[in-house]
Amino acid sequence: MFSGNGTNLKIKLLTDIMDPKRLAREFYVRDVLVVAPELPGKYMVIKLPDGSLTRFKVTEVEAYRGAEDQACHAYKGRTSRTEIMYSEGGSLYIYLIYGMYWMLNIVTGGKDNPQAVLIRGVEDHPGPGILTKSLGINKSFYGEDLVESQRIWFEDRGLVQPVKNGPRIGIDYAGEYWKSRPWRYFL
DNA sequence: TCAGTGATTAGG
DNA sequence: CTAATCACTGAG
């Protein structure tokens, strides 16, 4: 008769009342090419290592779209590192690059559709490795659920700014076609 | 332009 | 076990 889970609906309604700005599951469970261009201008809220809750405007992101995208980690198949990308959108995919820098990604789309958005920059912290280093984001954030987490989430604070786009950065290993996809979005 | 740095992965 | 790879950054 009624669809859905009653307990989850109750939690969602209470969450909306207490925290109306937090982006809900529905935001993330859409194609990455719909989600990614909507992220610049949204706010990342994070509990910093000193315990303070701080907001940063998202300035630059990139979309990585499924097993056919030669630039996407899922192109090489399902591994323990990329496992979280195969879950329903709304959690974090974190990995280490060049032995030094943690990369912050938001999983998008439905289950078994491996997609993610790389957060390349937030205000005052341009650069994907710079922002994670200065905000204390590391592997302990792997799999964090942005809908329920009390230490990191994203908000729509009503800001609307024009979003530009262009090719993704640092993916020379991908073929010309995938290198030229204009899937980087920035303010 | 190029070295630093180490987790992750495939392969033997 | 080995070796290759790597969605980056900062120095020169």
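Keep in mind that this is a model prediction, so the values were computed, not measured. Below, chains carry the letters A, B, ... as their sequence lines are ordered, and counting in each starts from 1.
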Atom-pair distance ([atom1] on [X]; [atom2] on [N]), nearest Å:
{"X": "Gln70(A)", "N": "dT5(C)", "atom1": "CD", "atom2": "P", "value": "16 Å"}
{"X": "Leu104(A)", "N": "dT9(C)", "atom1": "CG", "atom2": "P", "value": "13 Å"}
{"X": "Tyr95(A)", "N": "dT5(C)", "atom1": "OH", "atom2": "C1'", "value": "12 Å"}
{"X": "His125(A)", "N": "dT9(C)", "atom1": "NE2", "atom2": "P", "value": "13 Å"}
{"X": "Ile137(A)", "N": "dA7(C)", "atom1": "CD1", "atom2": "C1'", "value": "16 Å"}
{"X": "Leu118(A)", "N": "dA7(C)", "atom1": "CG", "atom2": "C1'", "value": "5 Å"}
{"X": "Ile97(A)", "N": "dA7(C)", "atom1": "CD1", "atom2": "P", "value": "4 Å"}
{"X": "Ile169(A)", "N": "dC6(C)", "atom1": "CD1", "atom2": "P", "value": "17 Å"}

Original post:
When you look for runs of 3 or more Watson-Crick or G-U pairs in a row, both distances below 3.5 Å, which of them include DNA chain C?
Top reply: B:1-4 with C:8-11, B:6-11 with C:1-6
Subject >> Presence of Arg120(A) side-chain N/O under 4.0 Å of dC8(C) phosphate oxygens OP1/OP2 >> reply: yes
Original post:
Does Tyr173(A) put a side-chain nitrogen or oxygen below 4.0 Å from OP1 or OP2 of dA7(C)?
Top reply: yes
Subject >> Crowding at CZ, Phe186(A) (>12 non-hydrogen neighbours, <6.0 Å) >> reply: yes
Original post:
Should the heavy atoms of other residues, nucleotides or ligands under 6.0 Å from NZ of Lys133(A) be counted, would the total exceed 12?
Top reply: no
Original post:
Under a 4.0 Å N-O cut-off, is there an ion pair linking Arg22(A) with Asp156(A)?
Top reply: no
How long is the span from the [atom1] atom in [X] to the [atom2] atom in [Y], to the nearest 0.5 Å?
{"X": "Arg157(A)", "Y": "Lys57(A)", "atom1": "CZ", "atom2": "NZ", "result": "12.5 Å"}
{"X": "Ser87(A)", "Y": "Tyr93(A)", "atom1": "OG", "atom2": "OH", "result": "12.0 Å"}
{"X": "Leu39(A)", "Y": "Arg120(A)", "atom1": "CG", "atom2": "CZ", "result": "14.5 Å"}

**OP:** Look only at the side chain of Arg30(A) and the backbone of Phe27(A), and say whether a donor-acceptor pair between them is shorter than 3.5 Å.
**Re:** yes
Original post:
Out of dT9(C), dC6(C), dA7(C), which nucleotide sits closest to the side chain of Tyr101(A)?
Top reply: dT9(C)
Original post:
Is the NZ or CZ atom of Arg151(A) positioned over Phe141(A)'s six-membered ring, under 6.0 angstrom from the centre and within 45° of the axis?
Top reply: yes
**OP:** Mind checking Met103(A) for me? I need base, sugar-phosphate or nothing, with any heavy atom below 4.0 Å counting as a touch.
**Re:** sugar-phosphate
**OP:** Run the ring-centre check on Tyr64(A) versus His73(A) and record whether the distance is less than 6.0 Å.
**Re:** no
**OP:** Could you run through nucleotides 7-12 of chain B and give me one letter per nucleotide, 5' to 3': B if any protein heavy atom sits under 4.0 Å from the base, S if only the sugar-phosphate is that close, - if neither?
**Re:** SSS---
